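In this text the structure is predicted, and so the values were computed from the model without any measurement. Letters A, B, ... are given to chains in the order of the sequence lines, protein chains preceding strands, and every chain is numbered from 1.
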Amino acid sequence: MELRIFNSASRRKEVFEPIDKNRVTMYVCGPTVYNRVHIGNARPAVIFDTLFRLLKSLYPQVVYARNITDVDDKIIDVANKRGQKSEEIAKLYADFYSKDMARLNCEPPTIEPFATKHIPEILDMIEVLIRKGFAYVSEKHVLFSVSSMPSYGQLSGKSLHDLTIGARVEIGKYKRDANDFVLWKPSKKGEPAWDSPWSRGRPGWHIECSAMAQKHLGVTVDIHGGGLDLLFPHHENETAQSCCANGGKPLANFWMHNGFIQLDGQKMSKSLGNFKLVCDLLEHHPGEVLRYVILSAHYRSEQQFNASLLESAKRSLDTLYRCLQSTENLDNIVVDLSTNNGFLALLDDLNTSESISELHALARQTRQGSKKKRVVARGKLLSLANMLGLLQQNPDDWFKKAHDPDALSQQEIEEAILLRQQAKELKDFGEADRIRDSLALKGVVLQDSRNGTGWRRS
RNA sequence: GGCGCGGUGGCAGAGUGGUCAUGCAGCGGACUGCAACUCCGUUAACGCCGGUUCGAUUCCGACCCGCGCCUCCA
């Protein structure tokens with residue numbers, strides 16, 4: 001039973017072996033907090049939360065850090081536009097982020113470090129880089145010199161030569177090389193600023209992750225994750241800084257990158273105006289539905305996202321919850337998942353898609369066969385679902401909780417059901433159907449059974 | 001220009017050198033007063049052209065098409 005992970009650094013699946021089996025470390029790049037996050041930001045959060053759950057089942061201790069970048073030009077821009085402080089904007093959206101991700105059943109990471117809380121560590125690392133000759137000071141900036149590191153570009157598979165040819169960015173005149181990147185830069189008046197030997201300023205984009213990963217997780221982390229777009233330049237630069245500061249020791253042994261989400265067949269982009277905010281989606285869909293959609297595709301593939309997929313995911317979850325609801329009388333037992341196909345699929349580079357198909361197989365087994373087998377299947381279903389962060393609520397809540405404030409109350413529904421029952425007893429099926437149709441129009445679906453009439457919200 | 005990825009049934013989406021993905025939708029049947037749910041059955045796919053092979057959706061090559069990164073970006 002071993003976990004295999006596709007390592008972006010080697011571009012192949014490798015058997016995962018942690019540096020310390022008693023303390024597995026994972027660092028995932030969280031958001032820069034200047035607005036509400038979109039569904040694309042949710043994908044890595046959900047994926048690495050699932051990996052976190054899987055790792056915890058395999059190792060006694062897993063330390064998962066997901067950072068918050070709370071000092072950045074974009075935050076400053078928003079703060080300026082609103083006449084607020086950068087810190088206020090960052091705090092506001094960091095809180096929203098935690099809440100949004102929690103609604104997707106993402107557990108809180110072990111550590112959620114903030115860049116601005118690690119300025120001393122950042123300054124230390126920059127000083128080391130300057131002292132060792134990997135960084136230089138120029139016009140109050142400190143820059144990392146990519147030419148000082150022969151292996152620069154290896155992680156993302158780029159050569160400095162090609163980068164320079166393809167460069168579309170204007171070269172700052174304080175840079176020796178177009179690809180040199182900022183470790184520290186001077187702040188303008190009114191911007192967040194800290195004292196440093198080079199200027200009163202603030203850190204560049206990449207350095208905070210290097211400093212925070214090292215402080216909380218150690219020089220080399222087991223797994224470093226994030227969106228594919230972070231591979232270059234963010235992760236390339238992170239690993240360059242850390243590696244050079246630490247005598248060649250790598251920042252991470254395993255690099256994992258999730259693919260993009262496509263909205264209605266197109267890349268989500270602000271210019272197209274087709275990005276979906278998580279908080280807007282949550283107004284109309286349970287968080288678990290969003291999570292189910294995200295997990296239904298393999299994390300490395302490009303994923304489609306649209307309204308009909310949300311609807312399909314909702315129905316799939318309905319089926320699973322219905323199974324749980326109709327088998328609540330079965331004993332809850334502790335099961336061993338170690339030979340389960342759904343669990344084994346997760347061990348194979350986190351194949352959540354295949355794992356979800358096993359959820360449906362287990363649901364089927366929970367509904368049929370001998371009672372003993374059904375009890376075991378149900379135990380496995382709950383256990384596997386828990387590892388995926390799905391089926392986390394009680395079925396009655398799933399089906400009956402009202403999300404719309406104008407929805408019929410439980411009492412109103414039950415009264416209508418009673419009236420319909422009376423009509424049915426009088427064989428007045430016209431009236432009975434009229435009541436059922438009227439409830440359906442208000443989003444309530446009835447289900448007759450031997451034990452009476454049940455209901456759910458559609 | 002450089003580097004890289006992908007094209008699977010109506011939709012989404014795994015996977016595999018040789019009977020099955022799976023879900024949603026569809027179709028037929030059972031159940032039901034009729035439905036819903038559930039159950040049983042069922043339709044339907046591997047971009048194109050070659051090659052390797054007894055056999056290829058799966059391996060190899062060419063081609064077509066789409067996409068990503070190289071600039072902030074999950």
Side-chain angles (χ1 to χ4, degrees), chain A residues 8 11 28-32 34 37-48 72-74 77 153 156-170 178-179 205 225-234 236 257-262 265-270 275 292-306 308-320 322-323 325-326 341-342 345 348 351-361 363-364 367-368 423-424 427-430 432-433 436-437 440 445-450 453-456 458:
Chain A
S8 302
R11 290 163 195 86
V28 173
C29 289
T32 299
Y34 65 101
V37 297
H38 55 66
I39 187 68
N41 296 282
R43 173 123 100 140
V46 167
I47 284 159
F48 290 106
D72 177 89
D73 289 348
K74 292 187 290 291
D77 284 349
S156 56
K158 297 184 187 304
S159 75
L160 275 176
H161 176 71
D162 297 338
L163 282 171
T164 306
I165 287 171
R168 282 183 266 160
V169 65
E170 204 179 320
N179 299 300
W205 175 32
L228 191 56
D229 49 350
L230 296 180
L231 180 57
F232 188 89
H234 187 51
E236 189 69 60
H257 293 95
N258 63 272
F260 298 109
I261 281 178
Q262 292 230 328
Q266 281 189 306
K267 191 195 167 174
M268 234 181 349
S269 81
K270 296 193 175 168
F275 60 96
Y292 187 100
V293 171
I294 288 170
L295 292 180
S296 64
H298 183 85
Y299 75 91
R300 280 191 283 117
S301 47
E302 193 169 75
Q303 172 166 42
Q304 298 301 322
F305 197 90
N306 59 49
S308 76
L309 291 177
L310 288 165
E311 183 58 29
S312 169
K314 167 72 164 57
R315 286 168 190 254
S316 300
L317 282 167
D318 279 348
T319 303
L320 295 173
R322 209 173 280 127
C323 168
Q325 190 179 43
S326 64
N341 285 336
D348 183 13
N351 193 336
T352 52
S353 177
E354 196 160 303
S355 197
I356 283 180
S357 76
E358 175 66 12
L359 241 35
H360 290 279
R364 179 167 304 225
R367 288 191 218 98
Q368 47 193 209
K424 277 175 69 180
K427 304 272 185 207
D428 184 355
F429 295 119
D433 290 352
R436 185 172 62 197
D437 293 346
V445 180
L446 298 189
Q447 291 162 225
D448 291 335
S449 77
R450 268 175 266 126
T453 300
W455 62 275
R456 67 179 168 89
S458 58

Just the rounded figure in Å: distance from [atom2] of [N] to [atom1] of [X].
X         : N      : atom1 : atom2 : value
Gln368(A) : C40(B) : CD    : C1'   : 10 Å
His257(A) : C67(B) : NE2   : P     : 23 Å
Asn258(A) : G68(B) : CG    : C1'   : 13 Å
Ile356(A) : A21(B) : CD1   : P     : 19 Å
Leu231(A) : G2(B)  : CG    : P     : 20 Å
Leu320(A) : G23(B) : CG    : P     : 10 Å
Ile47(A)  : A74(B) : CD1   : C1'   : 9 Å
Leu228(A) : G68(B) : CG    : P     : 11 Å

What interatomic distance, in whole Å, is found between [atom1] of [M] and the corresponding atom of [N]?
N      : M      : atom1 : result
G66(B) : C27(B) : P     : 35 Å
G18(B) : C69(B) : P     : 36 Å
A12(B) : U53(B) : C1'   : 34 Å
G15(B) : G47(B) : P     : 15 Å
U22(B) : G13(B) : C1'   : 8 Å
G23(B) : C54(B) : P     : 37 Å

Gap between atom [atom2] of [Y] and atom [atom1] of [X] - 0.5 Å precision:
X         : Y         : atom1 : atom2 : answer
Ser355(A) : His360(A) : OG    : NE2   : 10.5 Å
Leu228(A) : Ser8(A)   : CG    : OG    : 7.5 Å
Tyr299(A) : Thr352(A) : OH    : OG1   : 10.0 Å

With RNA chain B as reference, determine whether Glu302(A) or Ser353(A) sits nearer its 5' end, using the nearest nucleotide of each.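 Closer to the 5' end of RNA chain B: Ser353(A).
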Return the 5'-most residue of the pair Val445(A), Ala361(A) with respect to RNA chain B, ranking by each residue's nearest nucleotide.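 Its nearest nucleotide being more 5', the pick is Ala361(A).
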Over all heavy atoms of both residues, which pair between Ser156(A) and Phe232(A) is shortest? Give the atoms and the distance, please.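 Heavy-atom minimum between the residues: OG-CD1, 3.3 Å.
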For a quick check of understanding: with a heavy-atom distance under 4.0 Å over all strands, which category does [X] fall into, base, sugar-phosphate or nothing?
X         : answer
Lys74(A)  : sugar-phosphate
Arg43(A)  : nothing
His234(A) : nothing
Gly30(A)  : nothing
Gln447(A) : base
Phe429(A) : base

OP1 or OP2 of [N] versus the side-chain N and O atoms of [X]: is any pair under 4.0 Å?
X         : N      : value
Arg367(A) : C39(B) : yes
Thr319(A) : C24(B) : yes
Arg364(A) : G23(B) : yes
Ser449(A) : C37(B) : no
Asn351(A) : G15(B) : yes

Under 3.5 Å donor-acceptor pair, [X] side-chain atoms to [N] base atoms:
X         : N      : value
Asp448(A) : C34(B) : yes
Asp229(A) : G68(B) : no
Arg436(A) : A35(B) : yes

Arg436(A)/Asp433(A) ion pair, N-O < 4.0 Å: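 Yes, this pair counts.
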Donor-acceptor pair, distance only, cut-off 3.5 Å: does the side chain of Gln303(A) make one with the backbone of Val293(A)?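 The answer is yes, because a donor-acceptor pair under 3.5 Å joins these two groups.
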